[in-house]
Peer 1: 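Got a structure here, written out as structure tokens. Questions coming.
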Amino acid sequence: MKPAAAFFTLAAFLEARRRQMLYQDREGLLRAQERRLYSFLRRKAGRVPAFEDLRGRFLQDWPIMDKAALMADFASYNRLGLTAAEGWAHLEAGTSPEGYAIGASTGTSGNRGLYIVSERERYRWLGTILSRALPDFLSCRHRVAIVLPANSRLYDAANESGRLQLRFFDLGLGIEAQFSPLTEFQPTVIVGPPKFLRALAESDTQIAPQRIFSGAEVLDEEDRRVVETRFDLIVREIYMATEGLFAIACPHGTLHLLEDQVAFEFLPLEGSANLVTPLITDFSRETQVMIRYRMNDVLEFAPIPCPCGLPHRAIQQVHGRCDDIFTLPSFGSPVRVTPDVIRNAVLKADKRISDFRVIQTGQNTVRLELKTEEADCLQTAAASLRALFTACGAAPEIKPVAAALTPPSDRKLRRVRVEFA
């Protein structure tokens with residue numbers, strides 16, 4: 001155990017717990033957020049070249065940034081002046097500047113993103129997660145299994161703290177390959193993508209976790225049902241990306257945005273009355289500065305307050321990514337159909353459907369894939385999709401196909417996606 005790691009983890013945990021208990025109502029939370037946000041904009045935000053001339057302005061006066069802008073001039077957005085080429089070189093060599101950690105996204109959208117964080121920021125991240133996900137970590141020795149396609153130095157902070165026994169399981173080696181090592185480890189906590197959690201739930205692996213967290217992919221309701229039925233636990237989501245840590249589900253299973261360390265603005269999604277895409281300003285990070293960063297995610301607000309009483313905004317579901325919205329020709333302007341309604345159209349077609357893929361393969365062509373053993377549901381599901389698209393004013397050619405539908409082990413599972421330029 002590293003003394004510094006233990007100290008900073010404990011300090012971050014206690015600070016996150018203090019904030020959580022301090023903000024009992026939404027008005028108090030937003031007042032505290034505004035104070036921290038504008039202190040950040042006046043001082044630390046201007047310490048990177050990209051923002052040095054904007055110091056002190058109101059948030060709405062700062063430009064909107066995105067991944068393309070960040071990666072085109074990476075050095076201007078971090079305090080080390082580290083270029084993207086230098087970051088990739090560090091990543092390839094497994095090194096990093098002293099006192100910092102470098103990581104990258106999986107690149108499921110075809111454009112990988114880099115991040116750089118300091119040691120303090122790593123422990124702040126860990127303390128925040130522990131305060132929401134494992135508030136008893138000081139009194140209980142949890143065994144935490146992290147099941148993901150790629151490891152990260154962010155997870156090393158947990159082991160370095162000396163309070164958790166954390167083990168990484170590499171999904172790149174295959175989903176089923178993790179079952180035996182998990183049985184040996186007997187984790188009390190599992191963190192993994194829904195495709196793995198469901199495969200684990202459908203296997204005969206003899207484990208009895210106390211808590212299960214889903215992350216890295218969209219958690220579909222069918223996956224949630226299967227996992228919760230097998231383990232008799234509420235699956236809790238962690239909404240985290242290369243760009244930062246944004247939300248953690250409470251014990252009721254409701255995602256709550258971490259508004260005590262990130263300011264969120266929401267842009268309405270064209271063609272939808274209840275979906276938005278967020279702009280994030282993370283005032284807890286100062287190594288790589290992210291201000292009004294446009295995320296690629298599609299969020300739906302929860303329609304009613306969560307019974308847990310947290311004042312942090314509740315999210316009903318993270319539905320997917322903006323570039324997985326189908327854009328189809330119509331009689332007038334092209335119509336946009338979001339992944340959530342496509343997903344619902346397939347699942348409501350027949351209760352026997354347990355897995356599927358819907359892929360826009362061309363400007364006006366859609367491929368529907370169901371499991372081979374559920375092939376007799378293809379025509380019903382295709383009819384349901386056809387009715388949906390017709391109601392939207394579109395008429396794509398739908399090609400029903402029976403397939404194995406093996407979940408990919410080396411990348412994110414996207415059941416609804418666009419696969420043409």
Side-chain angles (χ1 to χ4, degrees), residues 106 108 133 144-150 167-183 185-240 249 253-255 316-321 324 339-340 342-359 368-375 377 381 402-417:
T106 55
T108 52
V144 182
I146 301 288
V147 189
L148 289 172
R167 185 176 299 177
F168 174 74
F169 295 81
D170 187 357
L171 266 185
L173 301 177
I175 291 176
E176 288 75 12
Q178 311 310 317
F179 296 163
S180 178
L182 272 176
T183 303
F185 185 51
Q186 286 296 307
T188 59
V189 181
I190 300 176
V191 182
K195 66 187 176 195
F196 173 78
L197 298 177
R198 178 165 175 173
L200 179 65
E202 293 176 332
S203 74
D204 59 0
T205 307
Q206 298 302 303
I207 56 174
Q210 299 169 13
R211 294 169 209 180
I212 296 177
F213 293 91
S214 168
E217 296 174 355
V218 172
L219 175 61
D220 286 331
E221 285 307 306
E222 180 64 12
D223 293 336
R224 179 191 290 277
R225 183 192 66 79
V226 170
V227 177
E228 291 184 346
T229 299
R230 160 69 192 276
F231 294 108
D232 194 25
L233 293 170
I234 292 177
V235 176
R236 297 165 62 182
E237 291 181 82
I238 297 177
Y239 174 26
M240 185 177 177
T254 304
L255 266 175
Q316 178 81 3
Q317 192 171 359
V318 180
H319 282 293
R321 305 181 335 186
D324 282 331
D340 59 311
I342 295 172
R343 188 179 299 118
N344 291 339
V346 174
L347 290 176
K348 77 177 184 181
D350 195 306
K351 291 182 179 179
R352 292 174 295 166
I353 296 174
S354 62
D355 201 2
F356 67 92
R357 308 287 185 271
V358 183
I359 307 157
L368 165 65
E369 299 179 356
L370 296 185
K371 294 166 69 172
T372 304
E373 55 268 36
E374 297 169 0
C377 301
L405 297 193
T406 303
S409 60
D410 58 345
R411 63 187 186 278
K412 293 182 181 180
L413 170 60
R414 293 152 56 204
R415 288 189 168 97
V416 179
R417 64 186 188 270

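Residue numbers run from 1 in the order of the sequence given. Values below: all heavy atoms of this structure, side chains included; hydrogens, waters and symmetry mates excluded. Fair warning: this is a prediction, and the values are worked out from it, not measured in the lab.
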Peer 1: Might you work through the side-chain contact (heavy atoms from CB on, under 4.5 Å) test for R230 and E202, ending with a clear yes or no?
Peer 2: CA-CA 8 Å; R230 160 69 192 276; E202 293 176 332; over 6 Å; no
Peer 1: Between E374 and S354, is there a donor-acceptor pair closer than 3.5 Å when you use the side chain of the first and the backbone of the second?
Peer 2: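 Side chain of E374 to backbone of S354, a donor-acceptor pair under 3.5 Å: yes, one is there.
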Peer 1: Does the R357 side chain pair with the main chain of E369, one donor and one acceptor, at a distance under 3.5 Å?
Peer 2: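 Not a single qualifying donor-acceptor pair exists.
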Peer 1: Name all residues meeting the side chain to side chain contact (heavy atoms under 4.5 Å, CB included) criterion together with T254; count only those two or more places apart in sequence or in a different chain, and write none if there are none.
Peer 2: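 T254 satisfies side chain to side chain contact (heavy atoms under 4.5 Å, CB included) with C250, H252, H256, C306, A314 once adjacent residues are dropped.
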Peer 1: Give a yes or no on whether the backbone of Q206 and the side-chain of Q186 come within a donor-acceptor separation of less than 3.5 Å.
Peer 2: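 It does hold such a pair.
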Peer 1: If you compare all heavy atoms of A381 against all heavy atoms of A349, which two are closest, and at what distance to 0.1 Å?
Peer 2: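 Heavy atoms only, the tightest pair is CA-CB, 3.6 Å.
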Peer 1: Please answer whether the main-chain N or O of L219 pairs with a side-chain N or O of Q317 as donor and acceptor at a distance below 3.5 Å.
Peer 2: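 Indeed, once roles are kept as given, a pair shorter than 3.5 Å links the two residues.
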Peer 1: For D350, check side chain to side chain contact (heavy atoms under 4.5 Å, CB included) against everything at least two apart and list the hits.
Peer 2: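 For D350 the side chain to side chain contact (heavy atoms under 4.5 Å, CB included) partners, ignoring immediate neighbours, are R352, I353, C377.
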Peer 1: Say whether, by atom type as modelled, one donor and one acceptor occur between the side chain of Q178 and the main chain of D170 under 3.5 angstrom.
Peer 2: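 It does hold such a pair.
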Peer 1: For V144 and F185, work out which heavy atoms get closest and say how close.
Peer 2: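 Answer, listing the atom of V144 first, then F185: O-CE2, 3.6 Å.
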Peer 1: Measuring only between side-chain heavy atoms, which start at C-beta, is F196 closer than 4.5 Å to F169?
Peer 2: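 No, every pair of side-chain atoms sits at 4.5 Å or beyond.
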Peer 1: Begin from the C-alpha positions of K371 and D355 and carry the test salt bridge (Lys or Arg N to Asp or Glu O under 4.0 Å) through to its verdict.
Peer 2: CA-CA 7 Å; K371 294 166 69 172; D355 201 2; 5.8 Å; no
Peer 1: Within the side chain of R198, is there an N or O that forms a donor-acceptor pair under 3.5 Å with the backbone of V226?
Peer 2: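 Pair absent, no side-chain N/O of R198 close to backbone of V226.
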Peer 1: Starting at CZ of R417, measure out to CD1 of I359 and round the result to the nearest 0.5 Å.
Peer 2: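 One finds 3.5 Å between CZ of R417 and CD1 of I359.
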Peer 1: Using only atom types and a distance under 3.5 Å, with no angle test, would you say the side chain of R343 pairs donor to acceptor with the backbone of H319?
Peer 2: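 Judged by distance alone, yes, a pair lies under 3.5 Å.
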Peer 1: CD of E237 to CD1 of I212: how many Å apart, nearest 0.5 Å?
Peer 2: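 With rounding to 0.5 Å, CD (E237) is 13.0 Å from CD1 (I212).
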Peer 1: List the atom of L197, the atom of G192, and the distance in Å for their closest heavy-atom pair.
Peer 2: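 Here L197 and G192 meet closest at CD1-O, 3.6 Å.
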Peer 1: Does any N or O in the side chain of T372 come within less than 3.5 Å of the main-chain N or O of A403, such that one atom is a donor and the other an acceptor?
Peer 2: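 Such a contact is found between T372 side chain and A403 backbone.
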Peer 1: Which is it for I190 and L200 under the side-chain contact (heavy atoms from CB on, under 4.5 Å) test, yes or no, and what are the steps along the way?
Peer 2: CA-CA 11 Å; I190 300 176; L200 179 65; 3.8 Å; yes
Peer 1: Given the rule in the side-chain contact (heavy atoms from CB on, under 4.5 Å) test, do F356 and L347 qualify, once you have shown the distances and angles that lead to the verdict?
Peer 2: CA-CA 9 Å; F356 67 92; L347 290 176; 4.0 Å; yes
Peer 1: Which residue pairs satisfy the salt bridge (Lys or Arg N to Asp or Glu O under 4.0 Å) criterion with at least one member in residues 206-219, sequence neighbours excluded?
Peer 2: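 Matches after skipping sequence neighbours: D136-R211, K195-E217.
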Peer 1: Taking atom types as modelled and ignoring hydrogens, do the side chains of S203 and E176 form a donor-acceptor contact shorter than 3.5 angstrom?
Peer 2: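 The criterion, which ignores hydrogens and geometry beyond distance, is not satisfied for E176 and S203.
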Peer 1: Could you check whether any side-chain heavy atom of P194 comes within less than 4.5 Å of a side-chain heavy atom of V218, counting everything from C-beta outward?
Peer 2: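 P194 does not reach V218 side chain to side chain.
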Peer 1: Going from CG on D220 to CG on N344, what distance comes out if it is rounded to the nearest 0.5 angstrom?
Peer 2: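 The distance works out to 9.0 Å.
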Peer 1: Would you name the heavy atoms of R415 and D223 that are closest together and state the gap between them?
Peer 2: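 Looking at all heavy atoms of both residues, the shortest contact is NH1-OD2, 2.7 Å.
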Peer 1: Would you compute the distance between atom OG1 of T406 and atom CG of L413 and round it to the nearest 0.5 angstrom?
Peer 2: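 Those atoms lie 11.0 Å apart.
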Peer 1: I need the minimum non-hydrogen distance between A133 and F213, along with the two atoms involved.
Peer 2: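 Looking at all heavy atoms of both residues, the closest pair is CB-CZ, 3.4 Å.
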Peer 1: Locate the shortest heavy-atom distance separating T183 from I207; write the atom from each residue and the value.
Peer 2: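 Closest approach of T183 to I207: CA-CG2, 3.9 Å.
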Peer 1: Using the rule given for side-chain contact (heavy atoms from CB on, under 4.5 Å), can you reason through L148 versus L171, listing the C-alpha separation, both sets of side-chain angles and the distance that settles it, and then say yes or no?
Peer 2: CA-CA 5 Å; L148 289 172; L171 266 185; 5.7 Å; no
